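Below is one structure, written out as structure tokens; comments come after it.
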2 protein chains.
Amino acid sequence: MSSNHTRIRLIDAAGPIFATKGFEAATVREICHRAGANLAAVNYHFGSKEGLYAATVRQAHPNRLEQRFVPEYAPGTPPADRLRAFVGVLLSRLLELKTTDWQWRLLLREITDPTPMCREMLQGHFRAGFGALLGIIDEVVEPGVPPPRRHQIALSIVAQCVYYRSAASIIPMLVDEEELAAHYHTEALADHVTRFSLAALGLAPPVTTEDHR
Amino acid sequence: MSSNHTRIRLIDAAGPIFATKGFEAATVREICHRAGANLAAVNYHFGSKEGLYAATVRQAHPNRLEQRFVPEYAPGTPPADRLRAFVGVLLSRLLELKTTDWQWRLLLREITDPTPMCREMLQGHFRAGFGALLGIIDEVVEPGVPPPRRHQIALSIVAQCVYYRSAASIIPMLVDEEELAAHYHTEALADHVTRFSLAALGLAPPVTTEDHR
DNA sequence: TATTATATCAAACGGATGTTCGAAAGTCAA
DNA sequence: TTGACTTTCGAACATCCGTTTGATATAATA
């Protein structure tokens, strides 16, 4: 009874800490202190620190998270608009981390440097998002384009989104402060990524033209 | 005299270890053992582990590294070919890490999660590579396209290259083994990234067409 | 109520890490 | 050679870590 209490309190305390610091940097002592539990509680309830981590990731329930990548479109929405929505959702998930819950931040960390135990747990998650993007691409691609090329097209789109997260410390070295504030918020980036990708797909004029948007 | 000897031996031993394990995971004991030096040598010569790390990064950053991103083109090479060369060099630097020297691997690690001390050390490095890419883009873009948009175009190209490094553990979840072997080696990826980007720039037909290459 | 399983607690264990210390060895000018 | 210095070395120190232990409290069961 009360065992569930401290089990839950431990996971709730461990979640934000694992999400922010990662598995190695997080300490059992800090987790127990924040949970108001004894130091030995982790090993009693989860066997080890790894056991607590696995339970925490599992409790971040990837099943419902499959929808996180995929926005809902009204039926009949043209591919270009659906791509914009997809990019917008992905970018906001990647960039607005302060406001997001620890569950998503923890999974995101598993993306960057994955723990072996969580591999198959996240596989379905990624495949759902990837499949949704492929569904958009399939509509605008000639029938003869083979799947491998479609996959690479999808990855080129995802890559642009992910980059603005992984290179967050590099970009300020390359562009000045005003430009950063004006063009590197979520919406502006989503516009650009969509525009660049639509141009590559032949659904928009080349980005070399002066007048777009 | 011999002091320089152990200083150099320590840096030479620390370089590969820092490059593969990172600052935190590397231990002073392993470094000293590999250098054939006493455990106290690090603190005697560099004051602390951080001091050794700073000296190692500093020694890994000769000025010539600015050229690493930038291939040399014959004069008059058309922009499309220069872009292909640029992408090829960047991708090979990012993907072929086993064969690359530890100096580059260490700097690459500083890119992924940078240490505050090395910020300005790497700034010039990145700016050189970014500038080289911008030089290519400037040739194919209409004069009226403002610098911020040019910057984002350059970042979209870099992003695709960097992604294949940071998502190396995700991609095998999405594509099967034969496809991975056939389409995800350096040259094939460089071809695709170049083709996708050239299409976005209006220098190649859209990637949606069946027949390209 | 008596007994048994379950859960909490303080305390310590065993190991690893970066760092410090004092003695020993080496180096070089006077 | 003497003496002052720099450098090496073994040993220990001070912390931190995850984990274990054994006693104690709590709950459930008979």
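Source: prediction; values computed, not measured. Each chain gets a letter, A, B and so on, in the order its sequence line appears, and its residues count up from 1.
Taking CZ of B:F196 as the reference point, atom OG of B:S156 lies at 8.5 Å (rounded to 0.5 Å). In this structure, the separation between CD on B:E139 and CG on B:L83 is 11.0 Å, given to the nearest 0.5 Å.
One atom, CZ of B:R9, and another, P of D:dT7, lie 14 Å apart when rounded to the nearest Å. In this entry the distance linking OH of B:Y53 with P of C:dG18 reads 14 Å, nearest Å. Between A:E24 atom CD and D:dC16 atom P there is a gap of 18 Å when expressed in whole angstrom units. Look at CD1 on A:I17: it is 15 Å from C1' on D:dG18, rounded to the nearest Å. Put simply, CZ on A:R29 is 13 Å from P on C:dA10, counting in whole angstrom units. For A:F46 and C:dT8, the CZ to P distance is 11 Å, given to the nearest whole Å. In this structure, the NE2 atom of A:H33 is 18 Å from the P atom of C:dT8, given to the nearest Å. Computed from coordinates, the A:H5 NE2 to C:dA7 C1' distance equals 14 Å when rounded to whole Å.
The side chain of B:N43 approaches C:dT20 more closely than any other nucleotide in the set D:dT19, C:dT20, D:dT6. Of the candidates D:dT6, D:dT19, C:dT19, the closest approach to any side-chain atom of B:Y44 belongs to D:dT6. Nearest nucleotide to the side chain of B:V28, out of D:dG18, C:dG18, D:dT8: C:dG18. Of the listed nucleotides (C:dG18, C:dT20, D:dT20), D:dT20 has the atom at the smallest distance from the side chain of A:A40.
Both B:F23 and A:L39 lie near DNA chain C, and the one whose nearest nucleotide falls closer to the 5' end is A:L39.
Distances shorter than 4.0 Å separate some side-chain N or O of A:T6 from OP1 or OP2 on C:dT8. OP1 or OP2 of C:dT6 has not a single side-chain nitrogen or oxygen of A:H45 nearer than 4.0 Å.
Checked by atom type and distance alone, the side chain of B:K49 never pairs as donor or acceptor with a backbone atom of B:V42 at under 3.5 Å.
Salt bridge status for B:E187 with B:R84: present, with a side-chain N to carboxylate O gap under 4.0 Å.
If you check distances only, the side chain of B:N38 does reach the base of D:dG10 with a donor-acceptor pair under 3.5 Å.
A:A25 comes within contact range of no nucleotide atom at all, as no heavy-atom separation falls under 4.0 Å. Here B:A41 lies out of heavy-atom contact (under 4.0 Å) with every strand.
A donor and an acceptor atom, one from each side chain of A:Q152 and B:H183, are nowhere located under 3.5 Å apart.
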